[in-house]
Amino acid sequence: MRGVKGKVYRFCKEFNIFVMEILEVRSGLRKPVVVEVVEEKDFKILTKRRYSFRWKSLKGQADIYKLHIEEEADILGVMGLIDVPEERRIEIKLLANSRENQGRNKLYDRVAGCLIAYACYLATTKYQGDAGVSLAPKTNLIKHYMQKYQMSYRGWQMFLNREAMDYLLDKYFYV
Amino acid sequence: MINIFMFNRKLNGKVTQAELDGDVFIGVELTPAQKKEAARCYAEAMKKDKEEMTEKVRATLIHTHIRGRIDSYLATKKYDPAMSFGYFLKEYIDKLELKRKDFAAQIGIDETQLSQLINGHRLPPDYMPIRLEIHSNNRIPAGHWYKLVTMEKEHYIKTDMEIRKKQRKYVHNPLYPQTVRAGGKSNGVLDGR
């Protein structure tokens, strides 16, 4: 899953195909974003202080993706994914917006939505109609995820059914 | 190595405001028994979901799947004869479970032309990527289809020695003696090196 995916958006850049956009809250402007596999040098800046976890600790255990604005290096969001081929699903293990993109005064909106939609894109590319995206949240968050991302909950985990994936792809990926 | 378990929180663990806002998500690590139960429930739910899936959703997932596969191939920037325009066009039709005759009618061409495109017997006209983009509800951009064609053309232009032999007779530049190496390989003059 890694490697090639990191190059996908370089191809999109070359052909001016920007597929996802985030919203600058203050100006209302939409900006094209790129999701790529995290590079070794990125781990130096992916600190717990700014990105909620020590992402380096996840290295080798999950595929870690970063989101940044096209032509800008600053990482606005990070996501750790685990591929579960036997169940044809991708599990979101960790996700964090950078500190300034959290809460009411966040600079950019749609960062987390774009990352989740990207997970849908990866799962669908790999598993087509059988694809699924799941996560195992704390009990107190179940209702929240049901409302915000139309997720279903069953058997200790939440997942996006196909209709929810279609909804998220339409809302965040195909703009 | 630090284990992923270091990030784990209990199922009923304290929830931060950032988590409630959806800005941070920390996955919980399930026990082996919970994982087993989760896998069983997931398989059941997805099976039911597949049975109830609408045609629109099915088409979106197929479009996204084909789009992702074209993305991945183009990102390699290496020409692969198996990954041609015709190959992806056939995939597109087959995955949507359309009859060729019906699909040809949907994009306004005749079935013979469609077969020629699939089998690589003719190059797609310029309007074809546009029609395919529209057919996929913009989910597979025309640029993707077009790039598949240009990759094939580029490979052909770079590697075909026969065409160089054929074209040689039309070029007369006294500054550069034009020769072709034995075995049909260009000496670099003819292909612009």
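Chain identifiers are assigned alphabetically (A, B, ...) following the order of the sequence lines, protein sequences preceding nucleic acid strands; residue numbering begins at 1 within each chain. Side chains are part of it too, since the values below use all heavy atoms of this structure and drop only hydrogens, waters and symmetry mates. Bear in mind the structure is a predicted one, so any value in this text is a computation, not a measurement.
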**Message:** Heavy-atom pairs under 4.5 Å with chain A: which of B:Lys95, B:Glu37, B:Gln17 has the most?
**Reply:** B:Lys95
**Message:** Can you tell me which of B:Thr16, B:Asp21, B:Thr60, B:Val24 forms the most heavy-atom pairs within a distance under 4.5 Å of chain A?
**Reply:** B:Val24
**Prompt:** Under the salt bridge (Lys or Arg N to Asp or Glu O under 4.0 Å) criterion, do A:Arg162 and B:Glu52 qualify, and how do the steps go?
**Reply:** CA-CA 10 Å; A:Arg162 293 171 180 89; B:Glu52 294 169 356; over 6 Å; no
**Request:** Any chance you could measure A:Ile92, atom CD1, to B:Phe25, atom CZ, to the nearest 0.5 Å?
**Result:** 7.0 Å
**Prompt:** If you count the non-hydrogen atoms of other residues, nucleotides and ligands that lie under 6.0 Å from NZ in A:Lys148, is the total more than 12?
**Reply:** yes
**Item:** Spatial distance of atom CE (B:Met46) from atom OH (A:Tyr127) [nearest 0.5 Å]
**Value:** 12.0 Å
**Item:** Separation between CD1 of B:Ile62 and CD of A:Gln128, rounded to the nearest 0.5 Å
**Value:** 5.5 Å
**When B:Lys47, B:Lys50, B:Arg139 are compared by non-hydrogen pairs under 4.5 Å with chain A, the top option** = B:Arg139
**Gap separating the CZ atom of B:Arg40 from the CD atom of A:Glu87, nearest 0.5 angstrom** = 12.0 Å
**Request:** Examine distances only and state if a side-chain atom of A:Asp166 and a backbone atom of B:Leu61 form a donor-acceptor pair shorter than 3.5 Å.
**Result:** no
**Prompt:** Can you find a pair of side-chain heavy atoms, one from B:His63 and one from A:Thr124, that are under 4.5 Å apart?
**Reply:** no
**Message:** Other residues, nucleotides and ligands only: do more than 12 of their heavy atoms fall within 6.0 Å of NZ on A:Lys106?
**Reply:** yes
**Item:** Inter-residue atom distance B:Glu19.CD - A:Tyr145.OH, 0.5 Å rounding
**Value:** 7.0 Å
**Request:** Provide the closest heavy-atom pair for A:Gly132 versus B:Tyr42 in the form atom of the first, atom of the second, distance.
**Result:** CA-OH, 3.1 Å
**Request:** Could you check which of A:Lys56, A:Met165, A:Met79, A:Arg89 has the highest count of heavy-atom pairs closer than 4.5 Å to chain B?
**Result:** A:Arg89
**Message:** Within this structure, what is the CZ-CD1 distance for the pair A:Phe53 and B:Ile26, rounded to the nearest 0.5 Å?
**Reply:** 4.0 Å
